[in-house]
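Report on the structure given below.
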Amino acid sequence: MQVQGYLRCALILFFMVMKAGLILAVFMHLNWERFAVKLLLFIPPIAILIFITLMNIEAGYVFINRYL
């Protein structure tokens, strides 16, 4: 299909996350666990991703200000 660039990276990441979710749900039996256990497993990675995104935005801002 000749998918390249950002779309290719986005698709790879999307399918990696879907595969990881399937592994967690089926092989680690998280489908049948309580909601609290799911929150303990999923909240820290989501928080880390949010912090990484915020740092990336701030780094871009600093880079632009230094360039100007």
Side-chain angles (χ1 to χ4, degrees):
M1 292 179 59
Q2 301 298 324
V3 178
Q4 296 177 356
Y6 289 117
L7 179 61
R8 180 179 177 183
C9 291
L11 286 173
I12 289 171
L13 289 174
F14 174 74
F15 286 120
M16 284 173 50
V17 168
M18 295 301 293
K19 182 179 177 182
L22 182 66
I23 289 170
L24 284 172
V26 175
F27 296 115
M28 294 180 70
H29 306 290
L30 286 183
N31 277 345
W32 303 280
E33 291 292 331
R34 291 187 171 192
F35 187 67
V37 175
K38 290 180 185 178
L39 285 180
L40 286 173
L41 288 174
F42 295 123
I43 294 295
I46 291 171
I48 290 171
L49 286 175
I50 290 170
F51 288 137
I52 289 172
T53 304
L54 290 173
M55 286 188 293
N56 191 12
I57 292 169
E58 183 180 2
Y61 174 75
V62 169
F63 180 75
I64 289 171
N65 281 338
R66 286 184 182 175
Y67 182 73
L68 294 176

Cluster check L13, L11: I/L/V/M/F/W/Y, side chain < 4.5 angstrom = no
With the 4.5 Å side-chain cut-off for hydrophobic clustering, are M16 and M18 part of the same group?
-> no
Do F15 and K19 touch side chain to side chain, with heavy atoms closer than 4.5 Å?
-> no
May I have the list of side-chain donor-acceptor pairs in residues 46-64 shorter than 3.5 Å, sequence neighbours left out?
from: T53; atom 1: OG1; to: L49; atom 2: O; distance (Å): 2.8
from: Y61; atom 1: OH; to: N65; atom 2: ND2; distance (Å): 3.3

